[in-house]
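All values below come from the heavy atoms of this structure, side chains included, with hydrogens, waters and symmetry mates left out. To find a chain, count down the sequence lines: A is the first, B the second, and so on, and within it residues start at 1.
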Amino acid sequence: MTEPDEAPIWNGPCVGGPLDGLDGSSRYERGFLLVDRPAGKAWIYDCHPETLNGGYQFIVRVAEGMDLIEDEDAVKNRYRAADEQEFDVIAAPWIGEDKS
Amino acid sequence: MTTLAPVTIKSVVPVWEDEYSSAVFSGIVGDLAHRKRGGYHISIQDQSASNFSVVRADDAAPPGDWSRKDASALDMSMSKTDMVTSTRRWVAVWADKSDPRRKYFNAVNGWLGSGDAKRWDFVKNTVQTSTNDHQWHQHSEWRRRYANDPKAARAAMSITKGESKATWIAREEGPPPVVTYKPASRDLSLRIPHLEGPDVLFLQQYIGGGKIKVDGDFGPATEARVKWYQNMRGLQATGRVDRRMWQEMGITPQY
């Protein structure tokens, strides 16, 4: 009987945007959608093969990100991103952190 | 692949997002790669019959008669701060074997803010290391028997919001509250089903004069007697005991 096993995860450095220089991870090979709901912003990080080390890197499409409008259609789009399983949907890790 | 996302599980998402400002929906149905591994993000019919997620008593169908088409897990991504709060709440329920909410869930994978992510198994009552993607997304598994059970969804919402066991029990597990109506606390009239209560009993005793059964049940005989009383007292003979009639009977309405 198969027990819960390791899910494939794509790991690599992030390039550009709010995660620039940090390590990123995604459960889907196309990359991830980074969402900061309180700030109303989202960024798409596309996963690319990293030529030098043979791993991966996540490159932001638009450094400034997209405005996240929380109307019914925007919420449906965000839910669709999670349903379509091409991009991981990840909450901004800094939300709630003490910036002092 | 035909795995479906149960509406009941998805109904938890907006509640989760309301409770945690960082929370975003991260998936219910697994992708094709997930299908090969199986698990609660995949329906019974879309995976091997020997997979871990389809053999437990509350998961296996058959012999169970629940859906074979539905996924039975929810992924929510959160910031570290919210992940720690959320995981603590779920772990508190996992740790309390008397908590009735436990019965709906198989396991939860989350992170308490340091070390590795963990998996808390509600059936085996064990905790083990999990993959570190669960540091940023919490994975909660419904027992497949309850994937479409609204009460299971309410249990998930209750845990997510940090509701106490006592509050859940009082609202969801106790007997329905008994409502008693004192005289002049409402209008009385003939309805289907009949209105019943101590206020009806009082009315029948007050105006009955031995002519009707005094049983606390507002039936046609009681309505007829009300009309007789109203006629006698110069009121409009509606058969309905309203505020005016209660006052006529010398009782101040309390509504």
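In this structure, B:Arg101 contributes its side chain and B:Trp168 its backbone to no donor-acceptor pair below 3.5 Å.
Residues B:Asp75 and B:His41 have side chains that bring a donor and an acceptor to within less than 3.5 angstrom of each other. Looking at B:Asp187 and B:Tyr255, their side chains do bring a donor and an acceptor atom within 3.5 Å of each other.
Note: B:Ala23 leads B:Ala23, B:Gly39, B:Gly27 in heavy-atom pairs under 4.5 Å with chain A. The residue among A:Ala39, A:Ala81, A:Ser26, A:Pro38 with the most heavy atom pairs within less than 4.5 Å of chain B is A:Pro38.
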Considering only distance and modelled atom types, tabulate donor-acceptor pairs under 3.5 Å from the side chains of residues 189-197 of chain B, sequence neighbours left out.
{"residue": "B:Ser189", "atom": "OG", "partner": "B:Arg240", "partner atom": "NH1", "Å": "3.3"}
{"residue": "B:His194", "atom": "ND1", "partner": "B:Asp217", "partner atom": "OD1", "Å": "2.7"}

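For B:Tyr20, the part lying under 4.5 angstrom from a heavy atom of chain A is the backbone only. With a 4.5 Å cut-off on non-hydrogen atoms, A:Pro93 touches chain B through its backbone but not through its side chain.
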